[in-house]
Trainee: 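Take this structure, written in structure tokens, and hold onto it; I'll ask about it next.
These figures come from a predicted structure and were not determined experimentally. Naming: A, B, ... by sequence-line order, numbering from 1 per chain.
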Amino acid sequence: MSGVTLSNVIKRYGQVQVIHGIDLEIADGEFCVFVGPSGCGKSTLLRMVAGLEETTAGRMSIGARDVTHEDPAERGVAMVFQTYALYPHMTVAENMGFGLRMNGHPKAEIREKVAEASRILKLDDYLKRKPAALSGGQRQRVAIGRAIVRGPEVFLFDEPLSNLDAELRVEMRVEIARLHKEIGATMIYVTHDQVEAMTLADKIVVLRAGRIEQVGAPLDLYRDPDNRFVAGFIGSPAMNFLEGTVRNGAVEVPALGRAVPVPVRLPPEGTTVILGLRPEHLGLVEGDESFTVELTEALGGVSYAYLVAGNGERIIVEERGDQRSRPGRRVGITFEPERAMLFDAQTELRLR
Amino acid sequence: MSGVTLSNVIKRYGQVQVIHGIDLEIADGEFCVFVGPSGCGKSTLLRMVAGLEETTAGRMSIGARDVTHEDPAERGVAMVFQTYALYPHMTVAENMGFGLRMNGHPKAEIREKVAEASRILKLDDYLKRKPAALSGGQRQRVAIGRAIVRGPEVFLFDEPLSNLDAELRVEMRVEIARLHKEIGATMIYVTHDQVEAMTLADKIVVLRAGRIEQVGAPLDLYRDPDNRFVAGFIGSPAMNFLEGTVRNGAVEVPALGRAVPVPVRLPPEGTTVILGLRPEHLGLVEGDESFTVELTEALGGVSYAYLVAGNGERIIVEERGDQRSRPGRRVGITFEPERAMLFDAQTELRLR
Amino acid sequence: MFPTPIEKRSPAGRAAYQALLPVALILWLLPLIAVAVFSIRPDADFSNANYWGWPSSFEGVSNYSKVFLESDMPRYLLNSVLITAPTVLGAVALSAMTGFALGIYRFRSNLWIFFMFVAGNFVPFQILMVPVRDLTLDMGLYNTKTGLVLFHIAFQTGFCTLFMRNFIRALPFELIEAARVEGIAEWRIFWYVVLPLMKPALAALAVLVFTFIWNDYFWAVVLTQGVESQPVTAGITSFNAQYRAAYHLMSAGSIVAALPPVAMFFAMQRHFIAGLTLGAVK
Amino acid sequence: MTQATLPDTHPGRGRSWWRRNQIGITPWLFLAPGIAFFALYVIFPIFQSFDVSLHAWDGLGEPRYIGMENYAELAEDPAFYTSLRNNVIWLLLYLLAIPAGLFIALFLNQTVTGIRLYKSLFFFPFVISQVVVGLVFTWFYDPTFGLLNIVLGWVGLGPVNVLGDPAYVTYGIIAAGLWPQTAYCMILYLTGLNAVNPEQIEAGRLDGAKGWRMLWHVVLPQLRPATFIAFVVTIIGALRSFDLISIMTNGGPFGESRVLSFYMFEVALSEYGFRMGYGAAIAVVLFVIMLLFIAYFLWSMYREERDR
Amino acid sequence: GSHEMKLEGDLKIFSDMSNPAPRAVMEGMVERFEQMHPDLDVELTVIDREAYKTQIRNFLSANPPDVANWYAGNRMAPYVDAGLFMDVSDLWDDEMSAQLASTKGAMTMDGKQYGVPYTYYQWGVYYRKDLYDQYGLDEPQDWESFKANCQTLLDNGVKCFTIGTKFLWTAGGWFDYLNLRTNGFDYHMKLTAGEVAWTDEGVRQTFANWRELIDMGAFIDNHTAYSWQEALPFMVNGEAAAYLMGNFAVAPLREAGLTDEQLDYYQFPAINPDVELAEDAPTDTFHIPSGAQNPEAAKAFLKFVTSAENQTMINAGDALGQLPVNAESSVDEDKFLKEGFTTLSENSPGGVAQFFDRDAPAEMAKVAMEGFQEFMVRPDNLDQILQRLQKAAERIYE
Ligand SMILES: Nc1ncnc2c1ncn2[C@@H]1O[C@H](COP(=O)(O)OP(=O)(O)OP(=O)(O)O)[C@@H](O)[C@H]1O
Ligand SMILES: Nc1ncnc2c1ncn2[C@@H]1O[C@H](COP(=O)(O)OP(=O)(O)OP(=O)(O)O)[C@@H](O)[C@H]1O
Ligand SMILES: [Mg+2]
Ligand SMILES: [Mg+2]
């Protein structure tokens with residue numbers, strides 16, 4: 001059993017507290033992704049799980065073992081670094097076998113495990129090469145291979161794909177998903193990338209400034225964010241936010257020039273709220289002239305129209321198919337009110 | 001007049017030829033984007049235009065001037081580098097004015113031009129800072145400002161945004177589009193990024209291995225690619241390709257288990273062809289069991305279903321909305337035959 | 001960071017380390033400390049074989065004033081300054097230029113010229129002794145500071161070129177290209193772009209060359225003679241010959257001779273380490 | 001404006017010869033003074049030395065051509081062999097500065113308060129003239145009052161006349177030389193340790209490498225550039241050793257502490273002889289030995305450049 | 001006198017009189033000379049005595065002064081041969097030749113004189129009279145009593161002789177005396193002139209005598225580590241009883257606190273009664289380089305230096321503390337100078353040698369003195385050493 005449990009985990013660098021009491025339960029075999037803006041503490045938290053940073057306070061266990069003060073090597077975790085951190089002077093095979101060698105495993109066993117890992121990762125042809133002679137994707141695979149070989153209970157990834165180019169990133173992402181399915185170990189994965197988070201995760205942990213904002217399955221976060229931060233963070237292009245006021249059981253939105261009957265329990269009359277609308281849930285209509293098309297970007301399958309309202313608020317609308325609105329045109333938008341979300345303007349909490 | 005014309009331009013490094021006779025016409029004020037896989041010669045070609053690499057053979061002119069053997073300085077071009085290449089010891093203002101100062105322009109003029117550029121780029125508040133004290137996006141802006149200040153006829157960009165993170169990339173992309181509209185100079189832009197190419201370009205040049213594959217407006221390339229390479233390269237996720245054979249005036253596609261009546265002039269009976277289908281033009285249907293769902297990736301607004309056919313061919317289908325097929329399910333696909341493309345299996349050229 | 005940062009050790013380990021540092025330092029510098037102590041001892045301590053005990057009285061002032069007032073040491077020190085400063089300037093200037101040429105431009109003989117400097121720098125300099133002495137004689141510069149300075153500049157150029165070239169190589173080449181696109185003349189690129197970026201290397205090199213030249217003994221003996229042109233290393237030997245067995249004066253003299261490079265190092269140490277990191281250990 | 005053409009916004013369209021060839025010619029202009037100096041004072045004299053070594057010359061009269069006689073004499077000169085043997089000892093033992101420097105660098109590679117001062121102080125010996133170092137160690141070794149013998153006395157060992165005993169003298173001088181050289185290697189390693197990739201160390205920690213094994217398998221390979229430079233400067237230092245010998249023993253006792261560089265100085269320029277030709281011949285031999293290292297160094301550099 | 005002449009311009013003097021006392025003497029001389037010639041500007045450069053020996057070659061050819069210090073005998077031969085010293089025979093008129101007769105030979109090559117002497121000094125055994133008295137010893141009269149004295153001292157835990165051989169020449173002094181006493185002046189001169197083989201039986205006898213002392217343990221330990229100055233404290237502290245040295249050792253010994261009651265001198269006693277006593281008395285000299293710019297003034301200075309009056313003054317006990325060369329000078333009242341004067345003038349029938357490294361060619365001197373030092377540490381290597389010396393001699397003397 002090798003789930004990971006964090007109980008009120010805290011990290012302080014000198015006077016500065018960067019992780020503020022995190023409670024988190026990652027089930028055995030789960031693929032958990034940490035996302036959040038830069039500097040929010042994703043890496044720090046991951047490294048604390050690895051044992052590379054000491055835990056200032058709180059408890060951390062892997063399976064049933066309390067590992068809060070254990071050495072990294074003894075935790076049964078393996079880590080894949082953003083820069084790969086391959087040993088440049090060792091061949092691929094040596095890189096992968098190094099951990100076992102250091103722990104005194106017999107040569108034959110090491111060879112066998114390296115062979116197994118390189119089969120899984122299709123690295124057989126490169127075992128004799130040094131990292132310098134590999135492409136970025138191959139290096140990343142070696143880094144993963146090095147983790148696999150040690151047969152850890154928990155895999156840790158810190159933005160493992162951010163140094164690859166777009167194409168390779170897609171490829172390796174699928175690879176990692178396949179790997180997770182194949183070996184079924186617990187994985188914790190840090191990323192900046194929306195798509196990676198959404199596609200890989202069983203569970204996404206959204207962090208902000210050292211605190212958890214929300215934990216949940218990717219689509220749950222997309223459909224049912226707890227607050228404005230999560231709503232804006234998950235989904236691409238980001239959710240549009242328009243200011244509004246509660247009036248007569250509906251939300252009056254100046255930018256739209258009309259009231260929207262959002263089907264949620266509304267706060268008292270007169271409260272300022274924020275209406276959240278995803279670009280993909282919007283459609284353009286003629287006749288209504290609330291918005292002006294500022295710019296459109298056609299990507300082939302979809303295009304995005306950048307609209308500006310009379311009061312200066314901006315929104316993005318996704319258009320399907322090949323049609324593309326001309327800049328300068330005046331348009332209105334349509335949407336199903338039940339897809340709109342409402343947030344308290346003060347607390348930014350979701351109203352539902 | 002400052003269009004750029006390349007006539008049979010060739011570049012050789014020692015024995016290795018990397019640019020194989022490029023003919024290209026870029027109109028005055030046009031925004032031209034070079035795309036292509038890594039190592040195809042995009043940067044080399046751009047640097048040849050800049051004069052940073054010598055042209056081995058062929059002619060190159062800017063406006064009416066033959067610049068083939070001119071110094072970079074005399075070509076009237078400005079370049080923005082991927083790594084910004086700001087002078088770290090100079091302030092933002094000094095960075096921008098350096099070129100003018102070295103070429104003996106009067107101080108007042110320099111100040112004025114720098115002020116103008118920094119206004120355009122919203123850099124006024126940072127003029128006294130050194131580059132080290134700027135964020136990535138700001139640095140990129142300074143680099144662009146440095147180019148603007150010199151009032152060049154042609155702007156050259158070599159992957160200017162690839163060092164920025166996703167969010168900033170979007171922002172700067174819009175900025176560059178705005179800039180182009182504002183100053184109207186000829187721009188040549190190298191990128192890896194689909195979205196940048198599609199959204200910025202008036203004209204995309206697709207390069208492969210030092211040769212031009214196709215030149216055209218973004219949506220033209222998307223809708224009407226000349227060959228399989230371009231079809232696969234433009235559009236994301238990439239176009240699906242299925243093998244087929246011409247039989248009885250239609251294309252028999254084993255993976256689909258049926259014949260598709262593609263409305264193009266078909267090659268002789270029995271020719272092997274390749275059927276190209278964009279993920280966004282496909283829909284899933286129940287009842288037909290040609291494909292098995294291998295994996296689905298839900299991104300919120302859209303999700304992608306990875307399907308595998310009975311004969312092992314794989315395709316990706318884009319699904320709109322929140323629905324998401326379960327892996328393991330057996331499905332069929334639908335599409336409008338006029339949206340399918342056909343390529344010769346040998347030459348990979350488009351059949352139309 | 002390796003080894004494991006001491007902050008991560010137990011408090012006992014940390015205390016042990018903190019305690020060990022000064023002890024290790026004292027052991028390491030023991031010979032120097034001994035000389036420093038010698039230099040403030042009275043003459044009598046040596047006759048009475050009180051070499052290592054507590055000084056019977058503190059004669060620092062009289063010993064040092066003897067060095068400064070009754071010997072040629074001040075003159076030698078001045079000579080050293082007049083030899084070292086131009087050499088540092090000259091060698092650094094020359095090698096900034098050669099380093100720029102070799103680090104930035106691609107031309108066929110680039111590597112060979114670079115190797116010439118490197119190889120020349122590693123030559124046992126004794127092989128130059130006889131011809132260089134003759135050359136200096138022929139130029140009429142024998143026993144002048146100029147002669148010594150010219151030679152030092154030439155010889156140090158080898159090492160400095162190696163250092164500078166590697167440093168310049170590590171600069172982003174785009175900076176040069178950006179400047180070229182902006183139409184900036186090559187020499188201005190050198191002056192306005194490259195040189196300001198080389199400041200740490202220049203500082204590191206200045207310290208190193210200062211140390212080398214200040215401490216040079218061999219060439220001082222070969223190319224100069226007498227108090228009017230010899231540097232302090234030669235001065236200290238003649239001073240010592242004069243006061244042989246007067247350990248307190250020899251010590252004071254040695255300390256005086258050693259002080260300037262030490263001061264120089266301290267003044268520049270931050271740049272020195274930075275420059276060394278970039279230039280030498282790449 | 002009387003000019004009919006459009007104003008030229010791009011200055012220097014003059015297409016002068018200079019502008020067209022600027023990039024080709026500039027490096028040579030920048031190289032010229034350096035090369036001239038270096039050729040005059042270093043390259044040319046090396047060849048002159050070869051020439052001098054074929055002559056008998058006392059530095060006063062006219063040189064007399066004697067062919068290879070100097071070398072023939074050298075081949076039978078016991079003092080030459082003593083020097084050569086000592087050179088080999090110097091080369092081997094001087095290399096100890098490398099591990100010693102590494103050890104101290106590791107010891108000091110911490111971030112406690114005041115560590116920078118400690119690092120600087122540890123570097124001191126390198127900054128000090130070898131003349132002073134020689135002097136200091138001469139006293140340290142002094143058979144009557146030297147600290148060494150006092151310490152040896154405490155543990156009941158008799159006084160050792162380090163610099164006066166042919167069995168110890170070379171080692172004694174080398175120990176003195178190791179002092180500053182170790183400081184030099186230490187600073188090189190300290191800067192090298194700064195550049196060690198921390199992620200690799202962390203990867204090593206996760207892989208269970210600790211202490212010496214971490215050092216050997218993960219850290220040292222990354223310190224290769226520092227080790228290489230340390231190796232080169234140490235070899236050069238060992239072969240150039242002159243000042244220390246001159247100050248500490250003047251080559252004695254009875255020439256047992258001489259090395260080639262000292263011997264050549266003694267033969268060519270010292271009080272008791274002015275045999276320029278013979279001295280040049282010794283220099284040539286020393287040069288040939290050094291050439292092996294120069295070749296090795298250049299070869300390593302060449303490989304690195306090629307791989308770039 | 002030189003007073004009549006009107007001298008102008010600059011006079012450049014290079015001197016090796018760098019120890020404190022000689023330096024003062026040199027500076028005094030210059031001062032007096034300048035006072036005599038107010039229009040003359042004398043520029044004195046004092047160079048470290050050891051460094052001077054290598055630098056003289058450079059400046060003689062490159063940057064010649066008008067006057068330079070050097071040594072008599074074989075040591076000036078290379079410069080005379082190379083034409084770097086000016087022939088000053090015209091200075092040596094009859095009067096001067098008479099006054100400086102004792103060293104004229106040492107200043108002469110091929111019948112011409114190339115410089116003038118200003119001082120010389122005796123060598124001999126300086127000893128601690130108080131220690132000798134304490135153990136009931138007298139100045140030795142012959143080899144046997146010399147050794148017997150030594151044995152007594154050794155039995156009392158006192159070394160017989162201090163010596164510092166780091167710079168080799170001190171061992172040369174011992175060889176000179178042992179060889180002069182064993183084989184005589186003429187033999188010694190032939191040996192240093194390369195006319196007698198180093199493997200000769202006579203030389204072996206000299207070394208055999210020396211070995212007797214070594215085997216007794218007569219010399220202090222670790223002498224290879226010391227310069228001559230560094231060996232002084234052993235005598236001052238009473239750890240060693242005597243020092244075979246030139247008279248210049250007296251000044252530092254006195255400075256170190258030894259009184260004239262404690263310190264005394266005796267002539268090295270006879271070993272082989274069949275040979276006449278001969279002494280070492282190194283002569284220091286002034287020369288005019290051929291490239292001198294102001295030979296007029298230079299000659300005047302040389303003349304001034306050799307004057308009886310000047311030599312009296314500079315050799316006085318409170319100055320150089322050495323013996324004047326000019327026969328008309330008076331010797332200082334100093335007891336050592338008096339004894340030395342007597343030794344040299346009356347008690348040296350065999351002749352006066354310069355010193356080993358001045359009598360033998362420089363290269364030979366170097367090789368030989370290194371051999372002496374080795375012999376003092378490893379007497380068993382004698383055969384090897386002598387063969388080496390002989391081989392070197394064959395090359396050097398050709
Ligand atoms: N050694 C340290 N000392 C002090 N503060 C630190 C240290 N390491 C990290 N921090 C701070 O802790 C916070 C979290 O850093 P962390 O690297 O975990 O962020 P992140 O979420 O991984 O960011 P990114 O997405 O940019 O990698 C940041 O504010 C950072 O400044
Ligand atoms: N100096 C050079 N010598 C030899 N070959 C070179 C040199 N510079 C580039 N090449 C080769 O020229 C080809 C084109 O390189 P270029 O940098 O233009 O590619 P690119 O399209 O910009 O790739 P990327 O997208 O990775 O930047 C590559 O195959 C490269 O190996
Ligand atoms: Mg991070
Ligand atoms: Mg490129």
Trainee: For A:Phe233, enumerate each residue passing the ring-ring contact (aromatic ring centres under 6.0 Å, His included) test, keeping only those at least two apart in sequence or located in another chain.
Mentor: A:Phe229

Trainee: Heavy-atom pairs under 4.5 Å with chain A: which of B:Val195, B:Asp193, B:Leu221, B:Val170 has the most?
Mentor: B:Val195

Trainee: Using the ring-ring contact (aromatic ring centres under 6.0 Å, His included) criterion, which residues pair with A:Tyr84? Sequence neighbours excluded.
Mentor: none

Trainee: Are there residues of residues 172-189 of chain A whose heavy atoms fall under 4.5 Å of chain B's heavy atoms? If so, which?
Mentor: A:Arg173, A:Val174, A:Lys181

Trainee: A:Tyr304: which residues meet the ring-ring contact (aromatic ring centres under 6.0 Å, His included) condition with it, sequence neighbours left out?
Mentor: none

Trainee: Sort B:Leu295 into side chain, backbone, both or neither according to what part of it lies under 4.5 angstrom from a heavy atom of chain A.
Mentor: side chain

Trainee: Using non-hydrogen atoms and a 4.5 Å limit, figure out which bit of B:Gln194 sits close to chain A: side chain, backbone, both or neither.
Mentor: neither

Trainee: Distance check, rounded to the nearest 0.5 Å: B:Leu299 atom CG versus A:Glu196 atom CD?
Mentor: 11.5 Å

